[in-house]
Amino acid sequence: MSKIQLVAEANLPTEFGLFRIVGFEFPQSKKEHIALVMGDISDADTPVLARIHSECLTGDALHSLKCDCGFQLSTALRQISEEGRGVLIYHREEGRGIGLINKIRAYALQDQGMDTIEANLALGFAADERNFAVCADIFELLGVKQVRLLTNNPEKIETMRQAGINVTERVPLNVGENRYNTGYLDTKAKKMGHYIIHNNEKHFLDCPHCQAEIPHTPHK
Ligand SMILES: Nc1nc2c(ncn2[C@@H]2O[C@H](COP(=O)(O)OP(=O)(O)OP(=O)(O)O)[C@@H](O)[C@H]2O)c(=O)[nH]1
């Protein structure tokens, strides 16, 4: 199969600062991924703060509390912007690679009591259908060889290392735990080996803008 190619690039001002948005595409399948890049990442000797973030429309855009995805996305972008340098690969593998509609089917099974892995298996999928190798190719196309990876997922680290990307540090990303996603995070820790630290001292901040009890920084 031919390798992914860098095909488009532009400025993207965001609430976290100015990024470059870079578009990647497989020549035949036209499957797309994107990266947000901040600052000068050309110095190969200084590891780049980086996040591989798999697509989660419900968490990233629709404010779902069933997962930690939206919280991880905004925290990663904020941390990159605080350093003034970094990369977020927005990895288009919705629903751990099963797609949005199948994720909704999996949610329906979870409504009946299955956990996130059991639901995938009941639908005939693997627990995780994602391919992270493409992210190593994207880092390479961006000239990034060393990363400090924002993740709790050991699989992402292992795949990067096997593909020749030097992960010099794992930067934990434990954010957004709430009453609706505790079971999901537990399952990821117990069945998928994710490094999840539960927030035992939940500071459910009194924020007039938020309906849910989520540990968070109050809106300014
Ligand atoms: N099938 C399925 N996918 C889910 C469910 N909840 C969230 N997801 C998907 O899980 C993926 C989570 O992506 P990430 O946050 O990048 O990955 P992660 O494996 O949790 O690793 P880190 O966040 O880096 O620790 C996204 O593709 C979501 O759409 C679920 O209950 N079922």
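Counting starts at 1 for both ligands and their atoms, in listed order. This one's a predicted model, so the numbers in the text were calculated from it and none came from an experiment.
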Open item on the list: Is there a polar contact, in the sense of an N or O pair closer than 3.5 Å, between Glu55 and ligand 1?
Closed with: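 Yes.
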Task: Any N or O of Gly95 closer than 3.5 Å to N or O of ligand 1 - done: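 Yes, Gly95 has an N/O under 3.5 Å of an N/O on ligand 1.
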Between [X] and [Y] (side chain of the first, backbone of the second, donor and acceptor by atom type, cut-off under 3.5 Å), is there such a pair?
| X | Y | value |
| --- | --- | --- |
| Glu94 | Leu57 | yes |
| Asn11 | Leu18 | no |
| Gln5 | Phe24 | no |
| His91 | Asn131 | yes |
| Arg85 | Met38 | no |

In the protein, what heavy atom is nearest to [atom], and what distance, to one decimal place, separates them?
| atom | result |
| --- | --- |
| atom 9 (C) of ligand 1 | Arg96 N, 3.6 Å |
| atom 1 (N) of ligand 1 | Asn120 OD1, 2.9 Å |
| atom 25 (O) of ligand 1 | Asn152 N, 2.8 Å |
| atom 30 (C) of ligand 1 | Thr116 OG1, 3.1 Å |
| atom 20 (O) of ligand 1 | Lys188 NZ, 2.5 Å |

Check the side chains of [Y] and [X] for a donor-acceptor pair under 3.5 angstrom, ignoring hydrogens and angles.
| X | Y | answer |
| --- | --- | --- |
| Ser54 | Arg130 | yes |
| Gln79 | Arg51 | no |
| Lys103 | Thr58 | yes |
| Thr151 | Asn153 | no |
| Tyr90 | Asp60 | yes |

TODO: Kindly check if the number of other-residue, nucleotide or ligand heavy atoms within 6.0 Å of NZ (Lys190) is above 12?
DONE: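 Counting other residues, nucleotides and ligands, NZ of Lys190 stays at 12 neighbours or fewer.
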Task: Linked, directly or transitively: Ile52 and Val87 (ILVMFWY side chains, under 4.5 Å) - done: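 Yes.
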Could you tell me if any non-hydrogen atom of [X] lies under 4.0 Å from any atom of ligand 1?
| X | value |
| --- | --- |
| Arg130 | yes |
| Tyr195 | no |
| Lys66 | no |
| Gln110 | yes |

Could you tell me which atoms of ligand 1, counted from 1 in the order shown, lie closer than 4.0 angstrom to a heavy atom of [X]?
| X | result |
| --- | --- |
| Tyr107 | 6 (N), 30 (C), 31 (O) |
| Glu93 | 27 (O) |
| Lys103 | 3 (N), 4 (C), 29 (O) |
| Ile52 | 16 (O) |
| Cys56 | 28 (C), 29 (O) |
| His53 | 16 (O) |
| Arg51 | 14 (P), 15 (O), 16 (O), 22 (P), 23 (O), 24 (O) |
| Thr151 | 22 (P), 24 (O), 25 (O) |

Task: Closest to atom 7 (C) of ligand 1 among Phe71, Phe125, Tyr90, Tyr184 (heavy-atom distance) - done: Tyr184
TODO: Give the single entry among His194, Arg170, Gln72 that approaches atom 23 (O) of ligand 1 most closely by any heavy atom.
DONE: Gln72
TODO: Examine Lys66 relative to Tyr107 and say whether NZ or CZ is less than 6.0 Å from the centre of the six-membered ring and inside a 45° cone about the ring axis.
DONE: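 The answer is yes, since Lys66 meets both limits relative to Tyr107.
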- [ ] Take Asp186 and Lys191 through the salt bridge (charged side-chain N to carboxylate O under 4.0 Å, His left out) test and state the conclusion after the steps.
- [x] CA-CA 8 Å; Asp186 259 345; Lys191 293 192 175 177; over 6 Å; no
TODO: May I ask you to identify, for Lys156, whether its side chain, its backbone, both or neither come under 4.0 Å of ligand 1 on a heavy-atom basis?
DONE: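 Just the side chain.
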Task: Part of Ile98 with heavy atoms under 4.0 Å of ligand 1, whether side chain, backbone, both or neither - done: side chain
